[in-house]
*Asks:* 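Sharing a structure, written as structure tokens. Questions coming.
Protein chains get the first letters and strands the later ones, always in sequence-line order, with residue 1 at the start of each.
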Number of protein chains: 2
Amino acid sequence: MDKEITSDSFLDTCLSKCATNEYIQQIKKSLPPDHELIELANFFKVFGEHTRIRILSALYHHELCVCDLVEILGMTQSAVSHQLRVLRTSKIVKYRKEGKNVYYSLDDEHVYKLIDDGLEHVKESMVKK
Amino acid sequence: MDKEITSDSFLDTCLSKCATNEYIQQIKKSLPPDHELIELANFFKVFGEHTRIRILSALYHHELCVCDLVEILGMTQSAVSHQLRVLRTSKIVKYRKEGKNVYYSLDDEHVYKLIDDGLEHVKESMVKK
DNA sequence: ATTATATATGAATGTATGAACATATGAGTA
DNA sequence: TACTCATATGTTCATACATTCATATATAAT
């Protein structure tokens, strides 16, 4: 997305005038299509959960099998497996089978970037307090 | 005939095959502290909701007041205002008051980067289908 | 073939939360 | 002052979802 669509008048008007304001219509049209925004929200939603973000943090540096994750997180195998399914379905992690074990790792570089940016933001906003 | 399978014994066996306990401890220590991961999950959670991501998309290009957003999203003022509070509390948007109006905008560059990376990932994974 | 191990999954349940409705606050205006 | 407009918030309700328990599947070992 490109930043900044400038106008001179849309800011100082409100509801009664905005309803027919061409800039409001322009903004509506400039939004990404709704199915993309739904996908985007679903994508972020997967990161927005404590257990899943812990799994992703653990996988950040290492490929790990399920029982490793169970041990690291201190949770039941079932709980971990259920969350891994969510991560798999969302294409945020990938996996390979090797004998009885299944090894998970982060899917692509977007996942790394998102974690990096998110952590950076969180650390900064913690300092501000 | 009944057999006893304790979860402890299965974990021990798995550990010896997957990773040494020492290695697991090392990974545990390398994880970001839990309060950071909780903050991180909460941060992402805010992006992971349809209405809020639509608000952020609209604010991506323009500072907008509440009634503008109401008009763009086609939702009740109450619903928009409630979600704006969530975004405010999470320091994802900032606001300034001007008379009766309150103007919202994205808080910092991290927010832009996250939306960019997220959208990029979503578009790519849609192409793959 | 039988048993053990590693992982996945279906069902049940309690909790979290988004939206609607009603109402409150607060700033401008007549 | 009273009144309107823009925004915020408390409450209720219905839905979503994370965890637990029980069980299924699949692979390896004996």
*Asks:* Rounded to the nearest Å, what distance is computed from the CD atom of residue B:Glu71 to the P atom of nucleotide D:dC5?
*Replies:* 16 Å

*Asks:* For the pair made of OH in A:Tyr104 and P in C:dT7, what is the distance, rounded to whole Å?
*Replies:* 9 Å

*Asks:* I'd like to check B:Glu39 versus B:His35 (side-chain heavy atoms, cut-off strictly below 4.5 Å). Are they in contact?
*Replies:* no

*Asks:* Between A:Phe47 (CZ) and D:dA18 (P), how many Å, whole number?
*Replies:* 14 Å

*Asks:* Give the minimum heavy-atom separation between A:Val102 and A:Lys97, together with the two atoms involved.
*Replies:* CG2-CG, 4.1 Å

*Asks:* Output yes when at least one side-chain N/O atom of A:Arg88 is less than 4.0 Å from OP1 or OP2 of C:dT9, else no.
*Replies:* yes

*Asks:* So if I take every side-chain heavy atom of A:Cys67 and compare against C:dT7, C:dG10, D:dA8, which nucleotide ends up nearest?
*Replies:* C:dT7

*Asks:* Distance check needed: D:dC17 C1' versus A:Leu84 CG, whole Å only.
*Replies:* 17 Å

*Asks:* Give the rounded distance in Å between these two atoms: CG of A:Leu87 and C1' of D:dA18.
*Replies:* 13 Å

*Asks:* Decide yes or no for B:Lys113 and A:His121: does some side-chain heavy atom of the first lie under 4.5 Å from some side-chain heavy atom of the second?
*Replies:* no

*Asks:* As a quick check of understanding, evaluate ring-ring contact (aromatic ring centres under 6.0 Å, His included) for A:Tyr23 and B:His62, giving each step before the final call.
*Replies:* CA-CA 10 Å; A:Tyr23 290 107; B:His62 328 261; 8.9 Å; no

*Asks:* Quickly work out the A:His50 NE2 to D:dA18 C1' distance and round it to whole Å.
*Replies:* 13 Å

*Asks:* Take the protein atom OH of A:Tyr103 and the nucleotide atom P of C:dA6, then report the distance between them rounded to whole Å.
*Replies:* 10 Å

*Asks:* Among all residues two or more places apart in sequence or in another chain, which pass the side-chain hydrogen bond (donor to acceptor under 3.5 Å, both in side chains) test with B:Glu36?
*Replies:* none

*Asks:* Check whether A:Ser30 reaches the backbone of A:Ile27 with its side chain - one donor and one acceptor, N or O, closer than 3.5 Å.
*Replies:* yes

*Asks:* Please encode protein proximity along nucleotides 12-26 of chain C as a string of B, S and -, counting only heavy-atom distances under 4.0 Å.
*Replies:* -----SSSBBB----

*Asks:* Do B:Phe47 and B:Ile115 have side chains that get closer than 4.5 Å, going by heavy atoms?
*Replies:* yes

*Asks:* C:dA6 C1' sits how many Å from A:Tyr95 OH, rounded?
*Replies:* 15 Å

*Asks:* Hey, does the side chain of A:Asn101 come within less than 4.0 Å of C:dT7's phosphate (OP1/OP2), counting only N and O?
*Replies:* yes

